**Q** 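Provided herewith is a single structure, encoded as structure tokens, for subsequent inquiry.
What you are looking at is a predicted structure, and each value in this text was computed from that prediction instead of being measured.
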Amino acid sequence: MKIGLVYVKGALPGFEDFGNLPTDIVKSNGLIKDSNALKASEELDAIIIPGGSLLESNSVSTDLANEITKMAYDEKPVIGICSGFQLLANETDVGRRSPCPIIKKGLGLLDVNFSPLISNDRINAVVSDNNNSFFTKNITPSDFITGFHCHTYGKIEIIDENYDNGSKDENTIKNNFGAKPLHYSKIKRMNYGDTDSSILSGVSNDNGNVIGTMIHGILDENPVIVDNILDYIGANYIELDNIFKVNEELKKFIKSELAIDTGINTKNINRCNEFRKIIISSINNKITNFKETNSKDINFYNLDSFNKEIPPTLMIGSTGSDSGKTFIVSGITGALTKKGLNVAVLKVGPDVRDIEPSLYLTKNKMEDYSSIKIGHIGWMDIEETLKRLKNSNYDFVIIEGVMSVFTGILNEKIPYSGAEIAVSSNIPILMVSGVNKGGIESAAVDLVSHTNKLKELGINVNGILLNKVYDENIFNNVSKFIATETGLSKEDILYLPKIKMDARSTTPEVEIKLEEFSKYALKTVESYLDLEKIVKMADIPGFKGYLSFDDIKKFF
């Protein structure tokens, strides 16, 4: 038995484990890797199409599309998740923030259309009682399916079977596959606002073998669905054992390459240990300095103890939105992964879409603690997150902040800002400001003000980065001012130049080609930033409690 996983640019094959089912990767030519030109439709018993930016990246070739379609006609399971679902649909309007629709055509294997709807919730979903697909067999309408959403274009419209096909675009004429509701997600946030809604989040074709779902983790968190798939393809106990063994090797292969089709191997043990030693030396120096002024005894780190503690952590905070945090986090994450480190990327607040480019590079999973809760939004509080990190196999943690580090700090909900998360857990910050709106000089003033207020709160700001710099001479002048006003070394004042990119295809909350955005981020960071300097800014976090609202008001 063989189950394929589509592995093309823009896909997220490491985003989840897919129930540990995939045994083979399917490349853009529709062939199975290392199969001597065996076509996917002839060799596979089922195929899974992961999320990512498949439509935006235009990475599904005619050959691959034909193989997926052939499997659908042969009534083999074809399972599309998020972007993979959109690929199976008729079309998706990716024209968010556009004055007119921007239509991306799908394969038409599910008779639905997509349009913008943002959701990043962890969800409970209920199955439709009018669907007899194998996928939801043995799940009743009173049972919950669990997982999470992470999408920008999630509004699903089933095309009415009684609709006049003569009035439709010739490319969306009904293909006889149809579409039936499969499950509905209960969500608490939609399009950046609170809600209490139930939305259609999955469909099947009329025969029930083609499945589209917007729920990530649906195979990892719901074993009954995995059993249904294995039962449908007729896998016996011996074949089950082989599927899971082969899957372990497949995951090692997937993780061994940075991004997709780059040829960059990330599993250099010697290179990894060299960089670990740099981090350990930096942490031990901080411990030495701490011991000189405190009586508390803290053990020093070595390679053996390194992965037994919470990994060194650094937050990328900013003076406001559109500063380039996602770009910077993606570039640093990719560069450290190339060094062999296993890097966890977390997001303050609910918008986990921002860390997708990093996960595209690392092939790491979206963890159930990837979103740090602030107020009533997000997935897991920082105290529990740190406990989970201590039991992880990550070497380094990067936390992407939300908006300005101070946005929400005077909301009576505790915590409600990146600054509160940082001060609660001894997390140092690399402060960032984009200079594209007010110029380099204004950004410098903002950074000084933010940095000094963070220091008043007891937060270590260990570096400052001006992003989108258009004049190096002006940067050199303001870096002296920043260093003088904040007490930082001039060597800790960094910059990245302005990079010309397509405005639509490189904006995570609008439209993104993961491979293009990630490539630019990685290349820019490697060209302009000293990675040793970055990792030395990190420290070992530890939860000590939140500031009360009365305490916070004393600083403002």
**Q** Any salt bridge between Lys277 and Glu274, counting N to O under 4.0 Å?
**A**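 Answer for the salt bridge query: no.
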**Q** Under 4.0 Å between a side-chain nitrogen and a carboxylate oxygen: does that hold for Lys251 and Glu248?
**A**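 Counted as a salt bridge, because a side-chain N and a carboxylate O are separated by less than 4.0 Å.
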**Q** For atom NZ of Lys325, is the number of surrounding heavy atoms from other residues, nucleotides or ligands below 6.0 Å larger than 12?
**A**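 It does: Lys325 NZ has more than 12 such atoms within range.
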**Q** State yes or no: are the ring centers of Phe475 and Tyr495 separated by less than 6.0 Å?
**A**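 Yes, ring centres under 6.0 Å apart.
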**Q** Is it true that Tyr546 and Phe549 have ring centroids separated by less than 6.0 Å?
**A** no
**Q** Please determine which of His149, Arg189, Lys188 meets the side-chain hydrogen bond (donor to acceptor under 3.5 Å, both in side chains) test together with Ser119.
**A** His149
**Q** Could you verify whether a donor N or O on one side chain and an acceptor N or O on the other, from Asn342 and Asp395, lie under 3.5 Å apart?
**A**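 Short answer, no.
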**Q** Quick one: does Lys363's side chain get under 4.5 Å of Phe253's, heavy atoms only?
**A** no
**Q** Contact between Ile552 and Ile409 at the side-chain level, heavy atoms closer than 4.5 Å - yes or no?
**A** yes
**Q** If you measure only the distance, is there a donor-acceptor pair under 3.5 Å linking the side chains of Thr326 and Glu400?
**A**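 A donor-acceptor contact under 3.5 Å links the two side chains.
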**Q** Any Lys/Arg nitrogen of Asp17 or Lys365 sitting under 4.0 Å from an Asp/Glu carboxylate oxygen of the other?
**A**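 Yes, Asp17 and Lys365 are salt-bridged.
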**Q** Does some side-chain heavy atom of Arg122 sit less than 4.5 Å from a side-chain heavy atom of Asp368?
**A**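 They are in side-chain contact.
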**Q** Between Phe396 and Phe275, does the ring centroid distance fall short of 6.0 Å?
**A**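 Ring centroids of Phe396 and Phe275 are no less than 6.0 Å from each other.
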**Q** Between the side chains of Lys373 and Glu384, is the shortest nitrogen-to-carboxylate-oxygen separation below 4.0 Å, so that they form an ion pair?
**A**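 So Glu384 does not pair with Lys373 through a salt bridge.
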**Q** Under 4.0 Å between a Lys/Arg side-chain N and an Asp/Glu carboxylate O for Glu516 and Lys519?
**A** no
**Q** Nearest 0.5 angstrom please: Phe15 CZ to Met366 CE, how far?
**A**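 Those atoms lie 3.5 Å apart.
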**Q** Can Thr152 and Arg353 be counted as having a side-chain donor-acceptor contact under 3.5 angstrom?
**A**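 Side chains of Thr152 and Arg353: pair found under 3.5 Å.
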**Q** Using atom types as modelled and distance alone, determine if a side-chain donor or acceptor of Asn462 lies under 3.5 Å from a backbone N or O of Met537.
**A**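 Present.
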**Q** If only side-chain N and O atoms count, and only distance matters, is there a donor-acceptor pair under 3.5 Å linking Glu367 with Ser370?
**A**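 No, because no side-chain N or O of Ser370 sits under 3.5 Å from a partner of the opposite role on Glu367.
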**Q** Under 4.0 Å between a side-chain nitrogen and a carboxylate oxygen: does that hold for Lys27 and Asp261?
**A** yes
**Q** Taking the six-membered ring of Tyr520 as reference, does the cationic atom of Lys500 (NZ for Lys, CZ for Arg) lie under 6.0 Å from its centre and within 45° of its axis?
**A**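 Relative to the ring axis of Tyr520, which defines the angle, Lys500 lies outside at least one limit.
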**Q** Looking at Asp322 and Lys468, does any basic side-chain N land under 4.0 Å from a carboxylate oxygen?
**A** yes
**Q** I'd like to check Ile534 versus Leu314 (side-chain heavy atoms, cut-off strictly below 4.5 Å). Are they in contact?
**A** yes
**Q** Might you point out which heavy atoms bring Leu117 and His151 nearest each other, and give the distance in Å?
**A**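 Smallest heavy-atom distance, with atoms named: O-CD2, 3.0 Å.
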